[in-house]
Amino acid sequence: MFQAPRGTQDILPQEQPYWLFIQNAAEATARLYGYERIDTPVFEEAGLFVRTVGVGTDIVEKEMYTFKDLGGGQLTLRPEGTAPVCRAYIERGMASLVQPVKLFYQAPIFRYERPQAGRFRQHHQFGFEAIGEGDAALDAELIDMAWRFFQELGLNKLTLQINSIGCPVCRPAYLAKLKEHYDEHREELCEDCKIRLDKNALRLLDCKKTSCQPLSELAPRSIDFLCVECSDHFSKLKSNLRILRLPFEINPGMVRGLDYYTKTVFEIQPEEERGQSTIAGGGRYDGLIEQLGGKHTPGVGFATGIERIILNLKKQNVNVPGLPKPSVFVVWMGEEAGKAAARMVGDLRAAGVSAVTAFTARSMKAQLRQADGTGCHFAAIIGAEELEQGFITLRDLRTAQQEPVDFSKLVDRVKITGIETL
RNA sequence: GUGGGUGUAGCCCAGAGGCCUAAGGCGUCAGGUUGUGGCCCUGAAGAUCGAGGGUUCAAAUCCCUCCACUCACCCCA
């Protein structure tokens, strides 16, 4: 027996209403803020991610699906969405469009991880990127859009955390201070953190180990070391968020797992949740485009995990609209009626009415059961008598009311009632 | 990568070494109505008891290995 690869899942029909609901909300929100859809390839040159996400990060170090194709190139299944969009921005000359360029996407994301609740090897993200504008007003607008998106979905009890991790001007001095601080307490650090100290000191801040937490609380905070530009940027962000009435918290310990972030970083997560519960995360990446060989171009964006949103929709018992079922089930008895039924189903469909029927001669009981099971609103019954006199018996499966309807009037009759949704 | 839990029909699950030729419920299919669904009744199909090995006269049940799922750590959406 074949099984779906570890950490992947089939999205079954019963799950699809959630997906459609979220997709609709995301697209509506994107439109509201002037974002246009972009789709980039599922795989890219491995170097794109190695260079931007960062050599020392978990994603690059141990989570990428990288393979050699028949041409010998090293390709990687997209482990995150921002770098490909930036690549496309440069490659497709979007610098010559009106700035900022606002793009959104829905994309499968691949990371080789141990699966658990809300974590998969293939998951799906909606991502939003605004490239070509460095002002904090854009950061605030982006965060506002993320927030509105979740409101739109009906998710409550969310928290918004922000931080600023500086830029290449001010970060070196901060990192030096940070290392100094942790170096003094090297012996108290957990094993992982000792390694982090040399490789990526920022990561020390969000170690959850109880032994490391006191040290992190005493650690110097990046927001105290910001250069004038970053500091002004952060102030404007906070002020704009207040204007927009977004309830944010400053979390000086929040860092993100990708190296390209500058200045603003933020996360949205459900209250009273910890661990892998973050439903949206993002920030500014002012150096990314340049790093990829483009002109210096600021950018800011965020991504949200669809599977985690669904998890929360279910946890919060949010009602999502159901998908439409077929409207009419054509029941037939006898070979001749079967032919008429086939024609009738065709006519209904041609008129835009969703219709289904039985493929083999089955008892009326069986056909009506099937009609019931498929969720049809009507059963259009055609047997010897109907055939002879040119009408069908239209049964409303919810009220069990029946009426004779002329062949020629069937389409109009069921159209008036409208296509039913569950 | 590290630790814990769990694997019996499509789904939920009983079963704790011989009475298991593996029970029940949901679902599916059929019948109870010569042309009428949802409720009820009857019947049928559907399980190499996750895989492999071992212990035993005897294994779904005990032991070992592997695999998968799941939860947590790590990290992230």
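Residue numbers begin at 1 in each chain, while the letters A, B, ... track the order of the sequences. Side chains included, hydrogens not; waters and symmetry mates left out as well; all remaining heavy atoms used.
- Going from atom CZ of A:Arg119 over to atom P of B:C71 covers 10 Å, rounded to whole Å.
- Residue pairs meeting the salt bridge (charged side-chain N to carboxylate O under 4.0 Å, His left out) criterion with at least one member in residues 2-19 of chain A, sequence neighbours excluded, are A:Glu15-A:Lys314.
- Look at B:U21: it lacks any Watson-Crick or wobble partner with both distances under 3.5 angstrom.
- Ring to ring, A:Phe225 and A:Tyr174 are close: their centroids are under 6.0 angstrom apart.
- If A:Arg203 and A:Gly7 are placed on RNA chain B by their nearest nucleotide, the residue sitting closer to the 5' end is A:Gly7.
- Salt bridge status for A:Asp372 with A:Arg369: absent, with no side-chain N to carboxylate O gap under 4.0 Å.
- Applying the Watson-Crick and G-U wobble criteria (two distances, each under 3.5 Å), B:G3 pairs with B:C71.
- Below 30°, between 30° and 60°, or above 60°: for A:Trp19 and A:His124 the angle between ring planes is above 60°, a perpendicular geometry.
- At a threshold of 4.0 Å, the pair A:Arg87-A:Glu45 does not count as salt-bridged, since none of the basic side-chain nitrogens sits closer than that to a carboxylate oxygen.
- With hydrogens and angles ignored, no donor-acceptor pair closer than 3.5 Å exists between the side chain of A:Arg6 and the base of B:C67.
- For B:C26, the paired nucleotide is B:G10, the pair qualifying as Watson-Crick or G-U wobble because both relevant distances are below 3.5 Å.
- Between the CZ atom of A:Phe266 and the C1' atom of B:A77 there is a distance of 12 Å, given to the nearest Å.
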Practice task
If a protein heavy atom is under 4.0 Å from the base, mark B; if only from the sugar-phosphate, S; if neither, -; do that for nucleotides 42-51 of chain B going 5' to 3'.
Solution key: ----------
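- Below the 3.5 angstrom threshold, one finds no donor paired with an acceptor across the side chain of A:Arg114 and the base of B:C73.
- The interatomic distance linking A:Tyr261 (OH) with B:C76 (P) rounds to 10 Å, in whole Å.
- The partner of B:C66 is B:G50, by the rule that a Watson-Crick or G-U pair needs both atom distances under 3.5 Å.
- For the C1' atoms, the distance from B:U33 to B:U42 is 14 Å, rounded to whole Å.
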Practice task
Any chance you could lay out the side-chain contact (heavy atoms from CB on, under 4.5 Å) test for A:Met344 and A:Trp332, step after step, and finish with the verdict?
Solution key: CA-CA 11 Å; A:Met344 196 174 296; A:Trp332 53 274; over 6 Å; no
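- Between A:Phe43 and A:Phe67, the two ring planes are perpendicular [angle over 60°; tilted spans 30° to 60°].
- Atom-to-atom, CD of A:Gln161 to P of B:C76 comes out at 14 Å; the value is rounded to the nearest Å.
- Nearer the 5' end of RNA chain B, as judged by each residue's closest nucleotide, is the contact made by A:Arg362, out of A:Arg362 and A:Gln125.
- At whole-Å resolution of the value, CD in A:Gln14 and P in B:G27 are 15 Å apart.
- As rounded to the nearest Å, B:C11 and B:A30 have P atoms that lie 22 Å from one another.
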Using a cut-off of under 3.5 Å, enumerate the N/O to N/O pairs linking the protein to nucleotides 32-38 of chain B.
| unit_1 | atom_1 | unit_2 | atom_2 | d |
| --- | --- | --- | --- | --- |
| B:G32 | N7 | A:Lys365 | NZ | 3.2 |
| B:G32 | O6 | A:Lys365 | NZ | 3.2 |
| B:G35 | O6 | A:Glu385 | N | 3.3 |
| B:G35 | O6 | A:Glu386 | OE1 | 3.0 |
| B:G35 | N1 | A:Glu386 | OE1 | 2.8 |
| B:G35 | N1 | A:Glu386 | OE2 | 2.9 |
| B:G35 | N2 | A:Glu386 | OE2 | 2.9 |
| B:U36 | O2 | A:Arg395 | NE | 3.4 |
| B:U36 | O2 | A:Arg395 | NH1 | 3.0 |
| B:U36 | O2 | A:Gln402 | OE1 | 2.8 |
| B:U36 | N3 | A:Gln402 | OE1 | 2.6 |
| B:U36 | N3 | A:Gln402 | NE2 | 3.3 |
| B:U36 | O4 | A:Gln402 | NE2 | 3.2 |
| B:G37 | N7 | A:Arg395 | NE | 3.4 |
| B:G37 | N7 | A:Arg395 | NH2 | 2.7 |
| B:G37 | O6 | A:Arg395 | NH2 | 3.2 |
| B:G37 | N1 | A:Leu397 | O | 2.2 |
| B:G37 | N2 | A:Asp372 | OD1 | 2.7 |
| B:G37 | N2 | A:Leu397 | O | 2.5 |
| B:G37 | N3 | A:Asp372 | OD1 | 3.3 |
| B:G38 | O4' | A:Asp372 | OD2 | 3.2 |
| B:G38 | N2 | A:Leu397 | O | 3.3 |

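- Rounded to an integer number of Å, the gap from CG of A:Leu204 to C1' of B:C74 is 14 Å.
- Rounded to whole Å, the distance from CD on A:Gln3 to P on B:A68 is 8 Å.
- Put simply, the residue from A:Gln74, A:Glu61, A:Met64 that forms a side chain to side chain contact (heavy atoms under 4.5 Å, CB included) with A:Val50 is A:Met64.
- Rounded to an integer number of Å, the gap from CZ of A:Phe150 to P of B:A77 is 12 Å.
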